[in-house]
Amino acid sequence: DALIIPGGESTTISKLARSFGLFDLIAGRIKSGMPTYGSCAGLILLANKIEDAIVGQETFGGLDVVARRNAFGRQVDSFEMDLEVKGLSAPKFRAIFIRAPWIESVGNQVEVLAQVSGHAVAVRSGHIFATSFHPELTGDNRIHRYFLDVVCKDAIKVSA
Ligand code: GLN
């Protein structure tokens, strides 16, 4: 009914999806409106276009953004910060960025929900939601709640 694509390593996830015969199935389901949330590598896999990709790197796509892999630097440059995220009630969200991407540019249907130094790090476009950071590493479930209570609910209304 819905899918969360977690963090990890985007090139590995797409290669595994190919070798298990899941790639086209997942891409097709996303395209046909399945609510989908991607964090970090998951965001990269949802982007229609990526910068600093490896040669031949594929994405499921669906999200009209250009994502830059490893944009904040190497693994040692990973960081945490309190982030204002549109759609979440106070306090700010403790966002954990692990060799994270940022979003270089967005299409006009894409709503930017959070930014770091002028770069989008949380976005929503209809049934697709993505963050550069890892909300599952905190005890705070507001990002997952937003996906279930806002993005998935809206998608059910659209298809009803
Ligand atoms: N740097 C990883 C990639 O390009 C993403 C890191 C993460 O998911 N924490 O796929």
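Every number for a ligand or one of its atoms is a count from 1 in the order of the listing. Remember, it's a predicted structure, so these values are computed and weren't measured experimentally.
- The ligand atoms of ligand 1 that sit less than 4.0 angstrom from a heavy atom of Gly8 are 2 (C), 5 (C), 6 (C), 7 (C), 8 (O).
- Shown here for His144 and Pro135, the closest heavy-atom pair between the two residues is CE1-CG, 3.7 Å.
- In this structure, Arg29 contributes its side chain and Lys31 its backbone to no donor-acceptor pair below 3.5 Å.
- Among all protein heavy atoms, the one lying closest to atom 7 (C) of ligand 1 is Cys40 SG, 2.8 Å.
- Of the protein's heavy atoms, Asn70 OD1, 2.7 Å lies nearest to atom 1 (N) of ligand 1.
- Of the protein's heavy atoms, Arg69 NE, 2.8 Å lies nearest to atom 4 (O) of ligand 1.
- Listed by number with element, the atoms of ligand 1 under 4.0 Å from a non-hydrogen atom of Ile44 are 3 (C), 4 (O), 10 (O).
- More than 12 heavy atoms of other residues, nucleotides or ligands shown are found within 6.0 angstrom of CD on Glu9.
- For atom 10 (O) of ligand 1, the nearest protein heavy atom (residue, atom name, distance) is Ser10 N, 2.6 Å.
- Taking every heavy atom of His134 and a limit of under 4.0 angstrom, the matching atoms of ligand 1 come to 7 (C), 8 (O), 9 (N).
- Within the model, atoms CZ of Arg74 and CZ of Arg99 stand 7.0 Å from one another, a figure rounded to the nearest 0.5 Å.
- Side-chain N or O atoms of Ser132 include none that pairs as donor or acceptor with a backbone N or O of Ala100 at under 3.5 Å.
- Among pairs with a residue in residues 63-91, those fulfilling ring pair (Phe, Tyr, Trp, His ring centres under 6.0 Å) read Phe72-Phe79, Phe72-Phe97, Phe72-Trp102, Phe79-Phe97, at least two apart in sequence or across chains.
- Near Arg99, with a cut-off below 4.0 Å to any heavy atom, the atoms of ligand 1 are 1 (N), 2 (C), 5 (C), 6 (C).
- When hydrophobic side chains of Ile, Leu, Val, Met, Phe, Trp and Tyr are connected at separations under 4.5 Å, Ile5 ends up clustered with Leu3, Ile13, Leu16, Phe20, Leu22, Phe23, Leu25, Ile26, Ile30, Met34, Leu43, Leu45, Leu46, Phe60, Leu63, Val65, Ile103, Val106, Val110, Val112, Val123, Ile128.
- Distances below 4.0 Å separate heavy atoms of Gly7 from the following atoms of ligand 1: 8 (O).
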